Each structure stands twice: as C-alpha cells, then as structure tokens.
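All chains are named by letter (A, B, ...) in the order of the sequence lines, taking the proteins before the strands, and each is independently numbered beginning at 1. None of these values were measured; they are calculated from a predicted model.
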Amino acid sequence: MRLSQSFLPVLKESPAGAEVASHKLMLQAGLIRQTSSGIYAWLPLGNRVLRKIEQIVREEQDRVGQEILMPTIQPADLWKESGRYDAYGPEMLRINDRHGREMLYGPTNEDMVTALFRDDVKSYRELPRMLYHIQWKFRDEVRPRFGVMRGREFLMKDAYSFDLDEAGAKISYYRQLLAYLRTFRRMGIRAVPMQADSGPIGGKLSHEFVVLAPSGESEVFYDGKIEEVDLEREGLSYDDAEALEALFREATGVYARTDETHEERYWDAVPAERQRTGRGIEVGHIFYFGIRYSEAMGLKVSGPDGTMLVPHMGSYGIGVSRLVGAIIEASHDDNGIVWPEAVAPYKVGIVTMRADDADTVAAAERIYAALGEAGVEALYDDRDERGGVKLGGMDLMGLPWQVVIGPRGLKDGVVEVKNRKSGEREQLTIEDAIAKLSA
RNA sequence: CGGGGAGUGGCGCAGCCUGGUAGCGCAUCUGCUUUGGGAGCAGAGGGUCGCAGGUUCGAAUCCUGUCUCCCCGACCA
C-alpha cells in the first residue's frame, strides 16, 4: 500500500484521555478512533491487525472445532430459558424492537448455542462436538477504559463444547488448552494459563490466559518453572487423550494465579527463587461448567441404551480485539509499537528519504514492486515529506522491517534495512534487501 | 454506582476568578528557500466557546438545568 493513498491519520501529539501505552499508541498511530465511551472504529491499520489476530485464532480453532456465526442481537426469551435474563444485570444491553419484543445485544452466546444444538442434535452418536464463532459482543461496562482492552463493544472468539459426560468434557477442555497455547505462541506473545474463578458463567474447571505486561489489570503470581515447560508440544495430536491430559497436568500443575485466586499458603510452597510476580492482562478464558445450560434448556440426547443423557458443556473465549491492545502492552518502546511479525499490519515499511530524487524513487518503486510480487506486505511511504517525519511515523507504526532509501546510500549502491525490534541496521544492495525481506 | 475533573478551529491547550464580542502551538492551504531523524520565512483559511434556559445594555466568562467525555474506586472477555 502506498501511504500517499492511505487513510492513515497519524497524530503528532499524544492524544488526551488515553492513559495506558497501548491506548495512546493505537490512537496516535491511527489504528482506532473512539466513537462513544468504550466503542471504537477500526481504521485501516488497526483493522489489518485485528484481522490477522482473528485469522490465527480461526486457524487454530479449526483444528479442534467448526466455525459458525451467531447473531449479535438475541431474543430475551433464550436468556429467560437459561435463567440468566434477570441474573445478568445492567451489563447487558437490553433493547426492544418495533413490536416491543425484548431483545438484547449478546454479551456471550451459551444460551443461544445450547438452543441451536438442542433443536437438532438428538443422539449420543452426534457427540462430541465443538462449535465456535468470532463475533462482536457488547457488555455495558460501568466504566470502560484502557482503549480496546476494556471496551464495551469487543470482538471475541467463543467456542462451546458438547460432550456425553464429564470425562469427555475434560478432553475437550484439554484440547482447547492446547489450542490456546498454540494460538498465543503464534502471535508472538507468552500467555500463561492461570487458575481462575469461574465467575458468573458458573463452572467447575476454569483457567485464564494472561499476558504479562506492566500495565496489566491484575496482579499475577506464578512459579517460574512454567517458563521452562514446552507448552505448545509441536507434534502432539488433538486425538491423543492421554498426552493431552499429561499436558494439562504439566501446564496447570505449577502455581500460577491472579490476585483473585492467589493464596499465600500455596505461594509460600513455591521456592523463593522461582517466585515470579507481575501484572497481567487476561486475553483468554476457558471453562468447563457441566450441565448448567444443557439442563436448564432441555438439551438431552438418547444414549446407547436408550436412556436420555444431558451433555456436559464448556465454553472457551479469546478476546480478539483486546489482544490488539494486549500485544502492544507487551511489545512497544519509547518510539512506538513493536509488532510481532505474525500480527503486524504490514511486514515492511519502505521509506524514501528524498522524494524529489529520481534514483531514490526508482529504487523504492522497484523494491515495492518486487516485494508485492513476492507476496510480502509492504507499506510504502511515498509522500513528499521530510525523511525524519517518515522515519518517526514508521517507528510509531511498528512494522517489523524498514527499508530506508536515499541518495546517500544509493551512491554506494545500497539501501538500509532496519529491524524495528532490535534496531539493527544493515546496508544491502537492492537485490539483497529484496531477497532478505522476501525470505 | 460512589468520588473527582473536563467540554473553546482537525489535534493539544490558554482565556473564565475580576462579563466588553476569542487567542497560542501543531496541523491545513499558497509562495519561496530547504531536505538522511518530526525544517525556515512570508501570507491565508478555519471556531454561533457541548446544548437549553436565565441574569445583564452586553455572556466563552456569572446562575440553573441537561448531555457527553475523562480520571480514582467498586465491577469486568
């Protein structure tokens, strides 16, 4: 993409009203704009990141489940069936349609997915199943803050498992645990599974996935031993129940809790040199809650012996839009965002130091075209701006690689390739630069 | 929901206390000079001061109401 043709409003000054780094940087680098308290429009740059994260989540979820898409607007009756309509409180946005029917903007989808499943699944032969969708949710938070990390409207992946019994449900839980570990790893961040409260959804088994960042919302305590465990298990098959259970024991067997569930007596048992504390941002949450919804909503299937069975369920959420902020919290510096390559809006930023120099422009065009042919996503700053402005903008936007082209280098036949994260610069010929960035 | 604060050109702010018809920086536009880490000079455009009432000869400024946004806390994917 050419910057001269982009809608990419970068602010020179840090906007008022933003407290945490990710919020400031997202506004400043032109990723989002607020439209109401806790509600944001995603501009091109932010939207690209959001889509990349969404796609990674989708690919990993497709290995354990099937994607569906449920509506944002739900009928209140569904929630009355599960008994949650009154329980949920003012966080739920309730609306009436023109006929006065009670509707709501879904804060989550357990009720709806249970009804959908109940209406069509009648036999034990059709279990287990895992369904997920990636959809916008709305929770009318009393006090939205921290930009997209605590918005009212947010994009979330939520998956739902249906199993014949508790043993099966646990396998589903383990599968999601592994899927989550792999998902976050692919995004270039470390998310530690921590024992959690099951909260208002209610449940028996529950873990939060927490990204460590100084500005995190909750305090976390964990045993450093978890850093040594290879949690993603490259070769591990989702069909290997025993190995999954072993992974679960290993991943959750060490002490790792947020301040909500922290208990000194267990903490004290962790060797002092391995005690790690810090702050964390919750980016995912997995629950096993048994028959809470299936029972309330009349979901049952015929068992092998003709008796009716009530399926055990679990739900598994990932805050997709929140992750955009969380990743920035975990990866930025004084100059701006530092995107992990997997979620960067573009891999390469191309900068011409002198837009009035024909050789410089020709070299930039050549590199831009070559990267395009190689399928490398590049943002080409072809504006007639001073070099410093462009370099500052590139650092702010945080693209993993920058190619800086100017007469000074071209005189010696080279361009500069800079790594945003390490700051390392290399002088390469145009061809070498193209080859390096296309790799 | 309790406590606090703010709404003034696109962005960031001053002016308000002590009413007299709106200003600064950045951005934008034009011209010239510049050009390897956020250029300089000259000129120009752009605001019914959140909204509604009220007081007054006169309101951005004082009073009342209202809406919105932000911060601390409680709450939360």
Nucleotide opposite rA59(B) in a Watson-Crick or G-U pair, distances under 3.5 Å:
none
Taking only heavy atoms on the protein side, list every residue of residues 337-358 of chain A lying under 4.0 Å from any atom of RNA chain B, sorted numerically.
Met353(A), Arg354(A), Asp356(A)
Anything under 30° is parallel, anything over 60° is perpendicular, the rest tilted; go ahead and classify Tyr255(A) against His262(A).
perpendicular
Nucleotide of rG36(B), rC71(B), rA39(B) approaching Pro407(A) most closely (side-chain heavy atoms)
rG36(B)
Name the pairing partner of rC49(B), where a pair is Watson-Crick or G-U wobble with both distances under 3.5 Å, or state none.
none
Quick check: on RNA chain B, is the nucleotide nearest Phe146(A) upstream (toward 5') of the one nearest Arg322(A), or the reverse? Name the residue that is more 5'.
Phe146(A)
Think Arg145(A) has a side-chain N or O under 4.0 angstrom from the OP1 or OP2 of rC72(B)?
yes
Show the distances under 3.5 angstrom between N or O atoms of the protein and N or O atoms of nucleotides 22-26 of chain B.
unit_1, atom_1, unit_2, atom_2, d
rG25(B), N2, Glu13(A), OE2, 2.9

Does rA77(B) have its OP1 or OP2 closer than 4.0 Å to a side-chain nitrogen or oxygen of Arg139(A)?
no
By the 4.0 Å heavy-atom rule, please label Asp395(A) as base, sugar-phosphate, or nothing.
base
Any donor-acceptor pair under 3.5 Å between the side chain of Arg150(A) and the base of rC76(B)?
yes
Hunt down the Watson-Crick or G-U wobble partner of rA77(B), both distances under 3.5 Å, from any strand shown, or write none.
none
Between Phe209(A) and Tyr180(A), is the ring centroid distance below 6.0 Å?
yes
The single option from Tyr105(A), Phe154(A), Tyr88(A) that satisfies ring pair (Phe, Tyr, Trp, His ring centres under 6.0 Å) with Phe138(A) is Tyr105(A)
Heavy atoms under 4.0 Å, any strand shown: does Gly317(A) hit a base, just sugar-phosphate, or nothing?
nothing
Side chain to side chain donor-acceptor pair (under 3.5 Å) partners of residues 399-408 of chain A, not counting sequence neighbours, each pair once
Glu341(A)-Trp401(A), Asp395(A)-Gln402(A)
Please name the pair of heavy atoms, one in Leu181(A) and one in Ala191(A), separated by the smallest distance, quoted to 0.1 Å.
CD2-O, 4.3 Å
Among the nucleotides rC1(B), rA77(B), rC76(B), which one has an atom lying closest to any side-chain atom of Glu91(A)?
rC76(B)
Can you name the closest pair of heavy atoms from Tyr368(A) and Arg2(A) and give their distance?
OH-N, 3.7 Å
Contact list for RNA chain B against residues 423-430 of chain A - heavy-atom distance below 4.0 Å:
Arg425(A)
Check the distance between rG36(B)'s C1' and Ile405(A)'s CD1 and give it to me in whole angstrom.
13 Å
Can you label the angle between the Phe248(A) ring and the His207(A) ring as parallel, tilted or perpendicular, going by 30° and 60°?
perpendicular
Set of residues satisfying side chain to side chain contact (heavy atoms under 4.5 Å, CB included) with respect to Glu282(A), sequence neighbours excluded:
Glu208(A), His285(A), Arg322(A)
Contact list please: residues 22-61 of chain A against RNA chain B, heavy atoms, distance less than 4.0 Å, in numerical order.
Gln34(A), Ser36(A), Ser37(A)
Any base atoms under 4.0 Å from Leu391(A), or only sugar-phosphate, or nothing? Heavy atoms, all strands.
base
Counting any heavy atom closer than 4.0 Å, what does Gly387(A) reach on the DNA or RNA strands: base, sugar-phosphate only, or nothing?
nothing
For rG2(B), the Watson-Crick or wobble partner whose two distances fall under 3.5 Å:
rC72(B)
Look at Glu102(A) together with Lys80(A) and state whether they make a salt bridge at an N to O cut-off of under 4.0 Å.
yes
Using purine N1 to pyrimidine N3 plus N6-O4 or O6-N4 for Watson-Crick, or N1-O2 and O6-N3 for G-U wobble, both under 3.5 Å, which nucleotide pairs with rU35(B)?
none
Which one is paired to rA44(B), where only Watson-Crick or G-U wobble pairs with both distances under 3.5 angstrom count?
rU28(B)
Between Lys390(A) and Glu385(A), does any side-chain N to carboxylate O distance fall below 4.0 Å?
no
In terms of side-chain geometry, is the basic nitrogen of Arg233(A) or Glu250(A) positioned less than 4.0 Å from the acidic oxygen of its partner?
yes
Would you find more than 12 non-hydrogen atoms of other residues, nucleotides or ligands less than 6.0 Å from Gln66(A) atom CD?
no
